[in-house]
2 protein chains.
Amino acid sequence: MSRGRPKKFNNDQALHDAMLVFWRHGYRGTALDDITAALNINKPSLYAAFGGKEELFLQVIDHYRAHILAPIAKPLSECNNLKDGLRQYFRDIAKIVMGKETPPGCLVACMLAEECCQTESIKAKLAGAIAESDRFFCRVFEKHKDELNPQITPEAAAVLLVSTLHGLSIRARAGASQESIESGASAFLRVALKQP
Amino acid sequence: MSRGRPKKFNNDQALHDAMLVFWRHGYRGTALDDITAALNINKPSLYAAFGGKEELFLQVIDHYRAHILAPIAKPLSECNNLKDGLRQYFRDIAKIVMGKETPPGCLVACMLAEECCQTESIKAKLAGAIAESDRFFCRVFEKHKDELNPQITPEAAAVLLVSTLHGLSIRARAGASQESIESGASAFLRVALKQP
DNA sequence: TTAAATTTGTACCAATCAGTATAAAAACCC
DNA sequence: GGGTTTTTATACTGATTGGTACAAATTTAA
């Protein structure tokens with residue numbers, strides 16, 4: 001163990017809890033005092049561990065992608081059947097986005113809408129996250145091109161899918177019903193995939 | 001002319017300019033001083049004309065729907081051919097959402113993502129705006145059901161369309177290229193409409 | 001036991017926020 | 001012109017914001 005007074009909190013857990021606060025209240029809507037209260041730590045500890053509000057938020061985005069998005073994307077990237085893979089993926093996304101266990105909506109989509117015209121570093125990080133989502137789904141659709149509606153390319157299908165999910169996530173934030181979200185997701189499946 | 005010192009500004013023009021400020025900087029990101037500076041008026045005048053920040057914003061949303069969204073929706077509701085009608089509608093939406101003449105993104109979608117978990121009145125107003133968009137497109141798809149991909153109902157098509165547009169609008173806010181936006185929109189057209 | 005290192009807790013700062021009190025200014029009516 | 005009405009302009013308030021100074025607390029190394 002290192003010298004000095006021991007840390008009271010775990011950095012990863014703190015990042016997770018800070019994520020939940022930003023997720024629910026937005027970037028501007030979150031005061032640093034809200035975060036220190038949720039983590040039960042003091043502001044100097046927060047600054048020592050993560051830097052200021054902006055730096056903390058950038059790390060929260062990384063945490064979100066690594067711990068929320070990546071785990072449900074993995075099965076899709078490994079599936080043998082696009083239709084079933086996407087169906088499961090949509091179920092998982094819906095569970096997150098509906099906000100029963102987590103705050104509603106997609107953190108990337110919501111914070112992008114809110115803050116990207118204000119802080120360049122945040123805009124860059126979130127735009128990068130979208131670009132990587134595009135590339136991910138593009139690879140998935142390339143791999144299962146035989147199941148894709150031949151009217152669209154994998155690139156266009158990826159943009160359409162990511163945009164649909166972001167739009168549905170905003171809808172969920174407005175308090176939309178589970179059925180409404182699922183009807184949008186299943187509509188995508190029915191039109192974007194080749195019908196047997 | 002009424003008694004008293006004459007007003008320096010026009011209420012509708014002021015609402016329009018206030019809309020542009022909120023649109024670009026978000027609800028929390030906009031200070032009332034930003035608005036009074038843009039309108040070249042003083043705070044007491046703003047309060048007398050529109051009430052506080054929240055009431056002003058609610059009126060801005062109405063203004064946006066009446067003066068930005070409604071004019072481009074009208075041709076679609078009157079068109080005889082869904083494909084051409086939607087194509088033109090997407091062109092008009094893209095022009096707005098790309099933010100060349102106005103701030104980027106869709107005001108309803110962006111403010112919903114930002115603020116709906118904070119202020120109940122704003123959430124209600126924006127959720128109502130989405131519900132009415134759903135109903136509008138549902139009517140359009142009902143009317144042109146013969147042109148719709150038979151895999152989906154008009155209701156589901158409406159949810160999918162509105163969600164896609166909201167998602168694309170967020171993407172535009174991240175600085176996406178015109179091609180990227182158009183590829184998403186045209187992908188929707190190719191899969192959601194019955195192919196000849 | 002003492003010194004060095006590191007974190008915590010309290011208290012504070014300057015800036016900014018939404019909102020308001022008050023009086024001057026500018027019009028109309030008589 | 002005097003009185004009334006309405007809007008404008010200045011200046012202010014109390015609350016909240018992100019960020020920091022500083023000392024007490026708690027550990028390891030010697």
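Numbers restart at 1 for each chain; the letters A, B, ... are given by sequence-line order, proteins then strands.
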Q: Would you kindly give the CG-to-P distance between B:L46 and C:dT20, to the nearest whole Å?
A: 12 Å
Q: Grab the CD1-P distance between B:I35 and C:dA18 for me, whole Å please.
A: 8 Å
Q: Give the B/S/- string for nucleotides 4-13 of chain D, one per nucleotide from 5' to 3', where a protein heavy atom under 4.0 Å of the base yields B, of only the sugar-phosphate yields S, and otherwise -.
A: BBBBSBB---
Q.
Run the side-chain hydrogen bond (donor to acceptor under 3.5 Å, both in side chains) test against B:N149 and tell me which residues pass, sequence neighbours left out.
A. none
Q.
Enumerate the salt bridge (Lys or Arg N to Asp or Glu O under 4.0 Å) contacts for residues 34-60 of chain A, please, sequence neighbours excluded, ordered by first and then second residue.
A. A:D33-A:K43
Q) Looking at five pairs on each end of the helix from C:dT1-D:dA30 to C:dC30-D:dG1, what is the angle between the two axes, given to 10 degrees? A) 10°
Under 3.5 Å, sequence neighbours excluded: what are the donor-acceptor pairs made by side chains of residues 180-196 of chain A?
from, atom 1, to, atom 2, distance (Å)
A:E182, OE2, A:Q178, NE2, 3.3
A:S183, OG, A:S180, O, 3.1
A:S186, OG, A:R190, NH2, 3.3
A:R190, NE, B:Q151, O, 2.9
A:K194, NZ, A:D146, O, 3.2
A:Q195, NE2, A:R190, O, 2.6
A:Q195, NE2, A:L193, O, 3.3

Q.
Once salt bridge (Lys or Arg N to Asp or Glu O under 4.0 Å) is applied, what residue pairs with a partner in residues 150-163 of chain A remain, sequence neighbours excluded?
A. none
(Q) Once ring pair (Phe, Tyr, Trp, His ring centres under 6.0 Å) is applied, do any residues pair with A:F137, and if so which ones, sequence neighbours excluded? (A) A:Y89
Q.
Can you measure B:Y47 atom OH to C:dA21 atom C1' for me and round it to whole angstrom units?
A. 14 Å
Q: Not counting sequence neighbours, which residues clear salt bridge (charged side-chain N to carboxylate O under 4.0 Å, His left out) with A:E101? List them please.
A: none
Q. Between A:E114 and B:R28, does at least one N-O distance fall below 4.0 Å, as a salt bridge requires?
A. no
(Q) Going by the rule side chain to side chain contact (heavy atoms under 4.5 Å, CB included), which residues pair with A:N81 if we only count those two or more places apart in sequence or in a different chain? (A) A:K83, A:D84, A:E147
Q: Rounded off to whole Å, could you give me the CG-to-P distance for the A:D33 and C:dT10 pair?
A: 13 Å
Q | For B:R24, salt bridge (charged side-chain N to carboxylate O under 4.0 Å, His left out) partners two or more places apart | A | none
Q) Of the residues in residues 22-31 of chain B, which ones touch DNA chain C at a heavy-atom distance under 4.0 Å? A) B:T30, B:A31
Q: Would you please name every residue forming a side-chain hydrogen bond (donor to acceptor under 3.5 Å, both in side chains) with B:Q88, sequence neighbours left out?
A: B:R91, B:D92
